Peer 1: 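Got a structure for you, questions after.
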Amino acid sequence: MTDSEKSKDFIRTIIDEDIRTDKYQGRIVTRFPPEPNAYLHIGHAKAFCINYGIAEEYGGQYNLRFDDTNPLKEETEFVEAIKDDIRWLGFDWKEHEYYASDYFEQLYDFAMTLIKNGRAYVDDLSADDIRSYRGTPGEPGRNSPFRDRSIDENLDLLARMRSGEYEDGARVLRAKIDMSHPNLVMRDPTIYRIRHAAHHRTDNDWCIYPMYDFTHCLSDSIEGITHSLCSMEFENNRVLYDWFLDELKVYHPQQIEFARGNVAYTITSKRKLRKLIEEGHISAWNDPRMPTLTAMKRRGYPPEAIRSFWKEVGVAKKHNLIDFALLEFHIREKLNRTSPRVMGVINPLKIVIDNYPDDQVDELEAVNNPEDETMGSRKVPFSKELYIERDDFMEDPPKKFYRLAPGREVRLRYAYFVTCTDVIKDPVTGEVTELRCTYDPETRGGDAPDGRKVKSTLHWVSANHALKAEVRLFDRLFNDPNPDDEAFIDHLNPDSLKVVNPAYIEPSVANAPAGFRCQFERLGYFCVDTEDSKPDALVFNRTVTLRDTWAKMQNKG
RNA sequence: UCCGAGGUCGUUCAAUGGUAGGACACUGGAUUUUGAUUCCAGGUAUCUAGGUUCGAAUCCUAGCCUCGGAGCCA
């Protein structure tokens with residue numbers, strides 16, 4: 001099925017209908033409204049892939065708007081990080097970069113209008129009292145004793161709140177709606193609170209700040225948003241979104257909610273993510289095991305894979321827990337087509353080719369990417385002493401084991417057929433320390449002129465030519481597919497990071513720049529770390545393993 | 001308890017009164033100088049109970065289950 005034949009999700013169905021009825025005169029304008037108080041994670045990517053993806057598809061416009069109404073939590077550092085991450089995913093919001101704080105003056109005017117219309121009042125109740133007056137689900141609240149102040153008094157009080165006359169928490173401005181409304185959001189919600197705090201953009205211009213519900217709908221309205229797409233947690237707030245816009249008789253976008261995407265084995269709560277860092281379970285926001293976009297970038301995930309992943313997941317209103325394997329599938333699919341192949345040995349076992357001349361070095365031709373011949377080939381050095389992967393040898397192999405064993409012949413990729421003739425062990429521990437082999441000079445390049453076959457092909461490096469590098473093997477951060485509960489620390493995977501140093505890598509990657517991606521043949525996709533790698537001390541991150549049918553067979557016993 | 005939303009293969013998204021389909025995952029097979037990739041084949045699903053209808057995942061009624069909501073957070 002092609003994209004054009006593919007059925008539309010419920011959001012696109014609504015938009016199609018809006019276009020058909022000319023609801024917005026052909027305009028499509030969406031927005032992504034992050035609060036600049038943390039790094040973006042995989043779940044945010046779904047939100048802006050939907051908002052921005054739809055705008056792109058319909059030839060509309062998309063805005064980036066920072067929802068910066070709480071000076072206590074927001075920082076410029078996060079603004080920059082968020083912009084970097086969205087750009088990394090390939091979206092360009094052009095000149096449409098906005099800040100809710102840019103609208104503070106207009107918002108204040110709207111608040112005064114509400115008061116003048118008898119729809120808002122200044123309340124002197126404490127936060128605790130407001131809570132207890134609010135009632136509970138199923139039980140109506142009670143009106144504040146300050147609810148019926150005169151318009152003039154309310155106007156005067158609000159002006160004095162703004163001028164800094166009162167302490168934090170002394171008063172708030174509330175919408176006057178219905179204290180017995182079945183939806184708690186409608187029980188006279190707070191729209192302004194006093195905060196004597198410097199704001200990352202407006203500095204000390206203000207000491208009162210508008211609340212989300214008031215700010216968000218009006219910001220959407222000011223920007224001419226057509227479809228305000230957000231997650232289901234705002235469903236209860238939609239009546240209030242509509243209420244403000246209707247009361248103020250301003251342009252009215254429509255809010256549409258969809259289910260956020262939850263990826264198995266990850267958590268996305270900002271608070272919990274912060275705790276992982278504070279307690280030292282991971283190193284930083286960009287620790288490659290984190291579900292943040294900055295971490296995925298560092299880990300080597302291609303941005304196109306994240307986009308195609310969310311595109312394939314689609315959008316609905318159902319609670320979900322998406323299989324991590326689907327994300328990995330998209331990562332591999334992209335990387336398979338684009339990554340040059342390299343040979344690297346992570347868990348080395350030395351082999352000595354007895355019949356190979358002592359000081360001879362052979363330069364062998366290796367294909368860079370069998371999926372893309374335009375990527376060409378390279379030379380890899382072969383010599384008497386090599387490393388192969390320890391897992392590729394078994395002294396006493398089971399039936400299905402195709403790799404090297406005593407007396408068995410295998411192919412060294414792009415090199416020669418070799419046969420294991422002897423196994424050298426540590427006399428004390430019994431551990432295999434070295435293999436003696438012979439090679440067949442007639443098989444240079446990997447094919448036997450007599451047509452004989454081998455069961456397997458191994459990767460290898462020349463011991464004297466290989467680069468020593470650090471390799472970081474990442475696995476999932478949590479053991480539990482749904483670790484997002486209060487005991488999430490207990491679900492941490494103790495084996496989420498294994499550092500190998502040294503690993504041995506073929507010399508062709510000696511000058512690989514930070515961020516360079518490649519496939520270590522038969523092992524997985526790796527990239528040069530952007531934080532810790534140095535030209536003379538390379539550090540590779542494992543992005544994702546290759547599919548491994550053999551490992552799967554073994555795990556089943 | 002009240003308000004709101006949602007229940008379709010293992011997972012996710014379709015099917016909007018007319019053969020329950022795709023992708024991932026899984027299983028089997030073919031090809032393979034990566035046990036990769038690629039290709040082929042296969043199995044598994046409509047929350048429950050009634051009703052309307054020639055025909056129901058879809059419409060109606062009643063129930064069950066899950067999630068969200070009582071910030072001066074977003």
Side-chain angles (χ1 to χ4, degrees), chain A residues 1 6-9 13 33-35 37 67 69-70 72-73 123 125-127 130-132 134-141 168-174 181-187 189-195 208-209 211-213 215-216 230-239 257 259 261 264 270 309 312-330 332-333 336-337 341 343 366-367 370-371 400-403 411-415 417 443 445-447 453-459 481 519-524 545-553:
Chain A
M1 215 191 284
K6 205 169 177 179
S7 59
K8 303 249 178 171
D9 56 66
T13 303
E35 183 187 17
N37 70 344
D67 228 323
T69 58
N70 187 350
L72 266 24
K73 292 164 61 177
D123 197 347
L125 247 28
S126 68
I130 286 179
R131 191 181 320 119
S132 60
R134 183 153 33 227
T136 58
E139 250 177 309
D168 286 5
R171 295 180 216 268
V172 292
L173 182 70
R174 292 227 258 167
H181 196 109
N183 183 343
L184 290 295
V185 161
M186 295 295 271
R187 318 244 262 226
T190 302
I191 60 187
Y192 267 95
R193 76 285 216 195
I194 301 171
R195 284 256 214 277
I208 58 172
Y209 292 92
M211 298 288 288
Y212 166 85
D213 286 306
T215 306
H216 196 260
C230 63
S231 50
M232 303 268 295
E233 61 207 281
F234 295 103
E235 216 159 21
N236 292 306
N237 302 56
R238 191 178 62 240
V239 277
E257 310 86 13
K270 291 172 184 174
F309 164 71
E312 187 174 337
V313 165
V315 51
K317 301 185 75 161
K318 188 167 51 164
H319 304 287
N320 58 66
L321 188 61
I322 300 151
D323 201 338
F324 196 80
L326 185 60
L327 213 208
E328 292 193 324
F329 170 80
H330 284 270
R332 291 190 185 108
E333 185 179 60
N336 177 47
R337 298 194 308 266
R341 313 289 130 121
M343 290 196 285
V367 172
E371 305 293 318
K400 288 285 180 62
F401 185 87
Y402 302 151
R403 284 111 95 145
R411 176 190 294 111
L412 295 183
R413 187 141 161 97
Y414 300 124
F417 285 13
T443 59
D447 279 310
K453 301 291 181 196
V454 288
K455 286 285 258 187
S456 81
T457 301
L458 310 185
H459 63 277
Q519 182 196 107
F520 288 174
E521 293 219 28
R522 303 208 304 135
L523 295 178
T545 60
L546 255 28
R547 280 188 58 207
D548 190 345
T549 309
W550 170 241
K552 207 176 289 169
M553 285 165 64

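Chain naming here is simple, since letters A, B, ... match the order of the sequence lines and numbering starts at 1 in each. None of these values were measured; they are calculated from a predicted model.
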Peer 1: Would you classify B/G55 as syn or anti? Syn applies when the glycosidic angle is within 90° of 0.
Peer 2: anti
Peer 1: Below the 4.0 Å mark, does B/U8 have OP1 or OP2 next to a side-chain nitrogen or oxygen of A/Lys318?
Peer 2: yes
Peer 1: If the cut-off is 4.0 Å, is A/Arg332 near the phosphate of B/U38, judged by side-chain N/O to OP1 or OP2?
Peer 2: no
Peer 1: Does the ring of A/Trp550 lie flat against the base of B/G35, closer than 5.5 Å centre to centre with planes under 30°?
Peer 2: yes
Peer 1: Taking only residues two or more places apart in sequence or in another chain, which ones pass side chain to side chain contact (heavy atoms under 4.5 Å, CB included) with A/Val367?
Peer 2: A/Pro370, A/Tyr414
Peer 1: Would you say NZ of A/Lys270 has more than 12 non-hydrogen atoms from neighbouring residues, nucleotides or ligands within 6.0 angstrom?
Peer 2: yes
Peer 1: Write out the stems for RNA chain B, ordered by first number and formatted as range with range, counting runs of at least 3 consecutive Watson-Crick or G-U wobble pairs under 3.5 Å.
Peer 2: B:2-7 with B:64-69, B:10-13 with B:21-24, B:26-30 with B:38-42, B:47-51 with B:59-63
Peer 1: Between B/G68, B/U27, B/C73, which nucleotide has the shortest distance from any of its atoms to the side chain of A/Lys552?
Peer 2: B/U27
Peer 1: Hey, is the side chain of A/Thr69 poking within less than 4.0 Å of OP1 or OP2 on B/A74, counting only N and O atoms?
Peer 2: yes
Peer 1: Select one nucleotide: of B/G68, B/U34, B/C72, the one nearest the side-chain heavy atoms of A/Thr190.
Peer 2: B/C72
Peer 1: For a quick test of reading the model: is some side-chain N or O of A/Arg193 closer than 4.0 Å to OP1 or OP2 of B/A74?
Peer 2: yes
Peer 1: Report yes if at least one side-chain N or O of A/Arg547 is closer than 4.0 Å to OP1 or OP2 of B/G35; otherwise report no.
Peer 2: no
Peer 1: Checking contacts here: which listed nucleotide (B/G10, B/G4, B/C73) is nearest the side-chain heavy atoms of A/Met211?
Peer 2: B/C73
Peer 1: For B/C73 and A/Arg195 - does any side-chain N or O of the residue sit under 4.0 Å from the phosphate oxygens OP1/OP2?
Peer 2: yes
Peer 1: Do the side-chain N or O atoms of A/Arg238 get closer than 4.0 angstrom to the phosphate oxygens (OP1, OP2) of B/G4?
Peer 2: no
Peer 1: Would you say A/Arg134 reaches B/G71's phosphate, i.e. side-chain N/O to OP1/OP2 under 4.0 Å?
Peer 2: yes
